[in-house]
Amino acid sequence: MSIGVQSVPELYTLLMGWDLYDKLWNILTQTGLAYVPFIGMILSNVTRSYVDHHAVGKSALRKMEVELIATLLIIMFAAVPCVPLSLHAVSYSPMCGNNQGKSLYPKETHTTYDKAFAVPADNITLPIWWYIIISVSEGITHAAKTTIQCTPDLRKMVTQVNMTNITDPQVKQELQDFEKECYLPARIKFNQDKQLNNKTHLNRIENNIKKHGVEDTEWLGSHGFGEIYYPSLNASRPIPGFRYDSTQDINADVNHTQPPAYGTPSCYEWWNDSQSGLKNRVYLALPKTFTDEYKKFIGDVKNQDDVIKRIISHNINGYDNANTMMSDWGYSHAIASLGILFNELEEYPKLYAAIEAAPIIQAMLLLMVYAFLPLAMMFSSFRAKSIVAGSLLIFSLIFWSYIWHLVSWADSTLTEALYTNWFAKQGASATLADMIIVSLIIFAPIFWFVFMGAMGVAVGDIVSQFSMGMNKLSTNAGSKGTKAAKDAAITIAKSAIL
């Protein structure tokens with residue numbers, strides 16, 4: 001017997017939840033508390049027969065017998081743990097991503113959860129009824145998720161780019177040297193051409209701006225500068241990876257007997273060389289699977305430029321920090337961009353925290369439900385109504401995975417449709433997409449329970465009130481957490497303006 005779950009955290013919380021269930025059930029049976037509902041049932045029927053003068057003794061006895069048999073059946077099938085649950089009986093098969101189609105098992109997921117969670121060593125068992133409910137719920141949810149096509153997680157793509165660090169100190173140093181020896185001289189020549197109204201160069205620059213965007217002249221990898229100015233500019237020192245060329249060496253006669261190990265490439269070669277070029281070496285800082293996973297979106301030259309630009313901007317101190325908040329607008333719109341930046345400081349922490357926390361919260365809620373079931377059933381006197389309510393609650397929580405899978409699809413679709421620049425998320429359309437997604441992540445599961453309550457399922461009312469209370473608490477915490485970042489941004493903006 002096996003159960004397929006919806007996330008890596010659930011691999012562990014399922015096992016831990018039912019291990020706690022077993023221990024708590026043993027406490028209830030060993031102390032005799034599990035039998036208290038039988039005493040209450042007998043006293044209730046005897047008292048009812050005594051008070052109601054019209055009651056017939058045989059009918060009261062038969063009613064008690066029926067309740068007793070029903071309770072025993074519920075305990076047998078829904079309370080007594082008897083179905084074994086081993087480590088390899090629980091698996092997770094990702095619907096999308098690099099591990100699509102693979103089956104992951106506890107302690108074999110190759111994630112930090114393998115070390116963080118201590119899986120119970122003893123054999124775990126669960127009641128037949130709850131095993132059926134969990135298996136059916138997980139199966140329905142998995143089947144429902146297959147009806148939604150997999151789309152590349154663009155939010156993950158943006159996050160990976162933003163979190164990519166250039167670890168090679170030589171690359172960092174070369175980027176700073178390239179800015180001083182290539183980009184800044186090229187920009188000076190560009191300004192001189194504008195003053196002299198050099199139509200030949202300006203027209204070619206304008207053509208590149210039309211092709212690659214208005215920010216083309218605002219960063220190191222400018223196509224216009226690369227076409228016009230970089231070929232005539234050279235590195236001032238030998239650069240590893242480039243062969244020595246005596247025709248480029250002004251001291252070739254002196255270095256004739258002992259030529260340098262490396263050459264001084266032109267700025268064009270220094271940036272664009274397929275092996276030793278800075279553009280390629282910066283791109284290699286990304287995860288190895290990045291290109292394969294997002295091939296569809298990174299195939300465009302402009303998107304590749306945006307990736308390189310974003311990595312450089314948050315790895316090189318002092319380099320074009322304004323570019324990280326201006327998208328396609330350029331330096332002249334820096335002040336206008338600040339208002340949107342402040343809004344992002346409010347929304348982005350909530351968005352990323354909600355996306356990452358959603359499956360963990362779901363798994364922990366399921367753990368608590370499994371662990372609390374023995375007490376819940378005992379306090380409800382093992383009534384069938386409570387078993388049905390618990391079954392609906394478990395199904396509804398597991399079904400959250402389908403809801404978030406749908407939200408993920410909507411997120412990628414809206415990101416692709418509304419973002420003008422995925423790696424500099426400051427446009428009004430991008431902010432709108434973020435607000436929609438963060439609302440869906442938080443409120444879609446709540447709407448699911450509210451919908452259930454509207455359809456007459458009582459568990460929907462209980463859980464929706466609880467969820468809305470928790471959301472209010474998390475929102476207040478998130479707002480306090482972003483206040484410091486917002487204050488810092490305001491200070492930086494004022495200093496920049498002054």
Side-chain angles (χ1 to χ4, degrees), residues 1-6 10-11 13-45 62-86 89-90 120 122-142 362-400 449 452 456-463 466:
M1 295 183 178
S2 61
I3 297 177
V5 299
Q6 307 303 315
E10 196 181 348
L11 283 172
T13 56
L14 176 67
L15 294 169
M16 295 180 66
W18 286 108
D19 181 60
L20 294 173
Y21 177 99
D22 291 349
K23 293 175 180 177
L24 193 54
W25 177 253
N26 288 333
I27 293 174
L28 294 179
T29 54
Q30 290 173 7
T31 58
L33 292 175
Y35 309 111
V36 171
F38 290 97
I39 299 174
M41 183 193 311
I42 295 172
L43 292 177
S44 176
N45 280 279
R62 288 174 181 173
K63 183 177 181 181
M64 185 172 63
E65 289 175 351
V66 170
E67 291 184 1
L68 181 61
I69 293 172
T71 302
L72 288 173
L73 288 174
I74 289 175
I75 291 176
M76 183 185 301
F77 289 102
V80 178
C82 58
V83 179
L85 192 64
S86 63
V90 183
D122 299 330
N123 290 331
I124 303 170
T125 54
L126 68 162
I128 296 175
W129 175 262
W130 299 116
Y131 172 80
I132 295 173
I133 291 299
I134 294 173
S135 298
V136 171
S137 300
E138 299 282 6
I140 291 175
T141 302
H142 184 82
Q362 178 199 32
M364 295 304 297
L365 286 176
L366 285 170
L367 182 152
M368 288 188 286
V369 169
Y370 300 149
F372 296 160
L373 272 176
L375 289 173
M377 289 188 293
M378 185 196 71
F379 288 135
S380 65
S381 299
F382 300 103
R383 293 176 182 170
K385 183 178 180 180
S386 64
I387 303 301
V388 172
S391 302
L392 291 172
L393 176 59
I394 290 174
F395 170 78
S396 300
L397 287 174
I398 292 174
F399 199 70
W400 277 7
F449 283 116
M452 290 176 63
V457 183
V459 70
D461 297 328
I462 299 172
V463 181
F466 169 77

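Computed from a prediction, not measured in an experiment: that's the story for all the values here.
- Residues Leu20 and Tyr370 have side chains not in contact (no heavy-atom distance under 4.5 Å, counting atoms from C-beta outward).
- Contact annotation: the side chain of Leu375 approaches that of Leu28 to within less than 4.5 Å [non-hydrogen atoms, C-beta and beyond].
- In this structure, Tyr21 contributes its side chain and Ala79 its backbone to a donor-acceptor pair below 3.5 Å.
- The minimum heavy-atom distance linking Glu138 with Val5 is given by the pair OE1-CA, 3.5 Å.
- Considering only heavy atoms from C-beta on, Ser391 comes within 4.5 Å of Trp130 through its side chain.
- Here CD of Gln6 is found 10.5 Å from CG of Leu11. Values are rounded to the nearest 0.5 Å.
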Practice task
Check step by step if ring-ring contact (aromatic ring centres under 6.0 Å, His included) holds for Phe77 and Trp129.
Solution key: CA-CA 5 Å; Phe77 289 102; Trp129 175 262; 8.8 Å; no
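- Of the inter-residue distances, the one linking Ile124 atom CD1 with Leu15 atom CG reads 4.5 Å to the nearest 0.5 angstrom.
- Using a 4.5 Å heavy-atom threshold, the side chains of Trp400 and Leu365 count as touching.
- Between the CZ atom in Arg383 and the CD atom in Glu67 there is a gap of 8.5 Å [rounded to 0.5 Å].
- Taking the side chain as every heavy atom from C-beta outward, Ile128 and Cys82 approach each other to under 4.5 Å.
- Going from atom CH2 of Trp25 over to atom CG of Leu33 covers 10.5 Å, rounded to the nearest 0.5 Å.
- Results of the side chain to side chain contact (heavy atoms under 4.5 Å, CB included) test with Ile133 over Leu392, Leu393, Ile394, Ile398 single out Ile394 as the only residue that passes.
- Rounded to the nearest 0.5 angstrom, Phe395 CZ and Thr141 OG1 are separated by 5.5 Å.
- Across all their heavy atoms, Leu24 and Ala371 have their closest contact at CD2-O, 3.3 Å.
- At a threshold of 4.5 Å between non-hydrogen side-chain atoms, the residues Val136 and Ile132 count as touching.
- To the nearest 0.5 angstrom, Met76 atom CE is 11.0 Å from Ile69 atom CD1.
- Two residues are said to be in side-chain contact when any heavy atoms from C-beta on lie closer than 4.5 Å; Thr125 and Tyr131 fail this criterion.
- Counting heavy atoms from C-beta on, the side chains of Val90 and Trp18 never come closer than 4.5 Å.
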